[in-house]
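Position 1 is the first residue of the sequence, and the numbers go up from there.
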Amino acid sequence: MTGRMRAWRVHELGEPADVLRLEDVERPVPGEGQLLVRVRAAAVNFPDVLMAQGRYQERPPLPYTAGMELCGETEDGRRVIGPPAGGPGAFAKYALMDARDALPVPDALSDEKAAAMWITYQTGHVGLHHRAHLQPGEVLLVHAGAGGVGSAAIQLGKAAGATVIATAGGAHKAEVCRELGADHVVDYTAEDFVAVVKELTGGEGADVVYDPVGGDVFDRSRRCIAFEGRLLVVGFTSGRIPEAPANHALVKNYSVVGLHWALYRRRAPAVVAHAHDELVRLVGEGAVDPLVGQVLPLEEAPRALAAIASRGTVGKVVLVP
């Protein structure tokens, strides 16, 4: 299958609204071990913003087609989710996928929800289970609970039998966290989450903290983490990368646990495969239902990335070609 297609390309680094260009390009041709898929839906992630700015840990050579995850349809009609082959490439009409990374989509999920499940739910499952070893009955503190990463962590924490405390900014986002199943919600614009966590846990603190925000949120999370607690470093949407004093971790006896989920695809793909099997099971049980806050046409990719960057979104934003 040959021909042309539309794709959002980045030729220089900068703000996504300035550097994204919708171009007419050659449809990609699959190589050994690859599939050509028609993109049915592509989810937008905060790392898409960082990558365009040149601030993400992975820097694809310029120019590149943006977009890190998709739900696609193979030439024989199967729906699959996963990453484009070799890096980004999802914000287009067609994309290449490595066959080993193209995982089957549960029938219960729409294209939009399937596209939204790959990165955030994989990150949540691998983080909470493989890295933090979350146990039933433990207390999980999820920051930015109404966002894509946080909403997944709330659902996965509840599915694991944890008591979930979520933080969110504003009454609307707080209500979203409640609807997702959080046991307690802190509107951080009106309350101090440190005091609330200590009060709810009788002064013990949270056993696991899931932090995609960094900055001051990370600093203050260290003040309400439990004995033998695990503070998961998921990302830095605040824009500031915090530092953890080693003496504080020693005195309070907690762990700061890094979570670079994409490394597992390369270093331990069996972990990713196991997480997908578990996520399919949880979807079937109704415990996982990806929150899609907005569906936009592919042509509005710059607007979608601007919305993500402004932290004004709820759940995942998904683009549909």
Side-chain angles (χ1 to χ4, degrees), residues 116-117 119-214 217-218 220-235 237 254-255 257 259 261 275 278-279 281-283 285-293 314-316:
M117 190 176 89
I119 290 176
T120 50
Y121 282 84
Q122 275 277 345
T123 301
H125 199 281
V126 172
L128 294 176
H129 293 283
H130 189 75
R131 295 293 281 146
H133 304 291
L134 180 67
Q135 300 299 309
E138 287 193 317
V139 175
L140 169 65
L141 173 62
V142 176
H143 290 303
V149 172
S151 60
I154 290 173
Q155 291 185 356
L156 291 168
K158 288 305 299 175
T163 296
V164 177
I165 305 171
T167 69
H172 171 60
K173 288 189 173 183
E175 183 55 35
V176 168
C177 293
R178 288 189 192 93
E179 290 171 0
L180 287 163
D183 297 286
H184 308 279
V185 183
V186 182
D187 175 358
Y188 61 74
T189 65
E191 293 181 283
D192 173 18
F193 74 79
V194 174
V196 175
V197 170
K198 286 183 175 178
E199 181 184 345
L200 289 171
T201 60
E204 291 296 321
D207 299 294
V208 175
V209 179
Y210 195 82
D211 178 21
V213 181
V217 167
F218 176 91
R220 292 169 63 230
S221 294
R222 294 191 293 104
R223 293 171 48 203
C224 62
I225 192 160
F227 170 75
E228 293 196 329
R230 291 83 77 199
L231 204 172
L232 274 167
V233 180
V234 185
T237 57
Y254 65 88
S255 304
V257 183
L259 176 57
W261 167 76
E278 287 296 297
L279 290 169
R281 178 180 65 81
L282 291 169
V283 166
E285 293 173 358
V288 159
D289 182 23
L291 175 63
V292 175
V314 166
K316 292 289 281 266

Any heavy-atom pair between the side chains of [Y] and [X] that's under 4.5 Å?
X      : Y      : answer
Tyr121 : Val288 : yes
Val217 : Asp211 : yes
Ser255 : Leu231 : no
Val257 : Val233 : no
Val142 : Ile165 : no
Asp207 : Glu228 : no

Ring centroid separation Phe193 to His143 under 6.0 Å: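 Between Phe193 and His143, the centre distance is under 6.0 Å.
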One pair to check against side-chain contact (heavy atoms from CB on, under 4.5 Å): Val209 and Leu232. What are the steps and the verdict? CA-CA 6 Å; Val209 179; Leu232 274 167; over 6 Å; no
Given 3.5 Å as the limit, does a donor-acceptor pair link the side chain of Arg230 with the main chain of Ala132, or not?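 Yes: the side chain of Arg230 pairs with the backbone of Ala132.
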Are the side chain of His133 and the backbone of His129 linked by a donor-acceptor contact shorter than 3.5 Å?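 Yes; at least one donor-acceptor contact below 3.5 Å.
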Least distance between heavy atoms, [X] atom then [Y] atom:
X      : Y      : answer
Gly127 : Leu259 : CA-CD2, 3.5 Å
Ala159 : Ala287 : CB-CB, 4.0 Å
Leu141 : Cys224 : CD2-SG, 4.1 Å
Val164 : Gly157 : CG2-C, 3.9 Å
Leu128 : Ala153 : CD1-O, 4.0 Å
Lys316 : Gly148 : CD-CA, 3.8 Å

So, using side chain to side chain contact (heavy atoms under 4.5 Å, CB included) as the criterion, who are the partners of Val196 when residues are at least two apart?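 Testing Val196 for side chain to side chain contact (heavy atoms under 4.5 Å, CB included), a comparison that skips the adjacent residues, returns Val186, Glu191, Leu200.
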List the steps, then state whether salt bridge (Lys or Arg N to Asp or Glu O under 4.0 Å) holds for Asp192 with Arg220. CA-CA 9 Å; Asp192 173 18; Arg220 292 169 63 230; 2.4 Å; yes
Would you give the length of the straight line joining atom [atom1] of [X] to atom [atom2] of [Y], rounded to the nearest 0.5 angstrom?
X      : Y      : atom1 : atom2 : result
Asp187 : Lys173 : CG    : NZ    : 10.5 Å
Lys198 : Ile225 : NZ    : CD1   : 12.0 Å
Arg131 : Thr123 : CZ    : OG1   : 12.5 Å
His184 : Arg178 : NE2   : CZ    : 11.0 Å

So, Asp183 and Lys158, do they make that salt bridge, N to O below 4.0 Å?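 Yes, charged N to carboxylate O under 4.0 Å.
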Please identify which of these residues, Thr120, Leu279, Leu140, meets the side chain to side chain contact (heavy atoms under 4.5 Å, CB included) condition with Leu156.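 Only match with Leu156 under side chain to side chain contact (heavy atoms under 4.5 Å, CB included): Leu279.
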Counting only heavy atoms from other residues, nucleotides and ligands, does the tally under 6.0 Å from CD of Glu204 exceed 12?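 No, CD of Glu204 has 12 or fewer neighbouring heavy atoms, counting only those of other groups under 6.0 Å.
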Going through the checks in order, is the side-chain contact (heavy atoms from CB on, under 4.5 Å) test met by Val234 and Tyr210? CA-CA 7 Å; Val234 185; Tyr210 195 82; 3.9 Å; yes
Verdict with supporting geometry, Ile154 and Cys177, side-chain contact (heavy atoms from CB on, under 4.5 Å): CA-CA 8 Å; Ile154 290 173; Cys177 293; 4.0 Å; yes
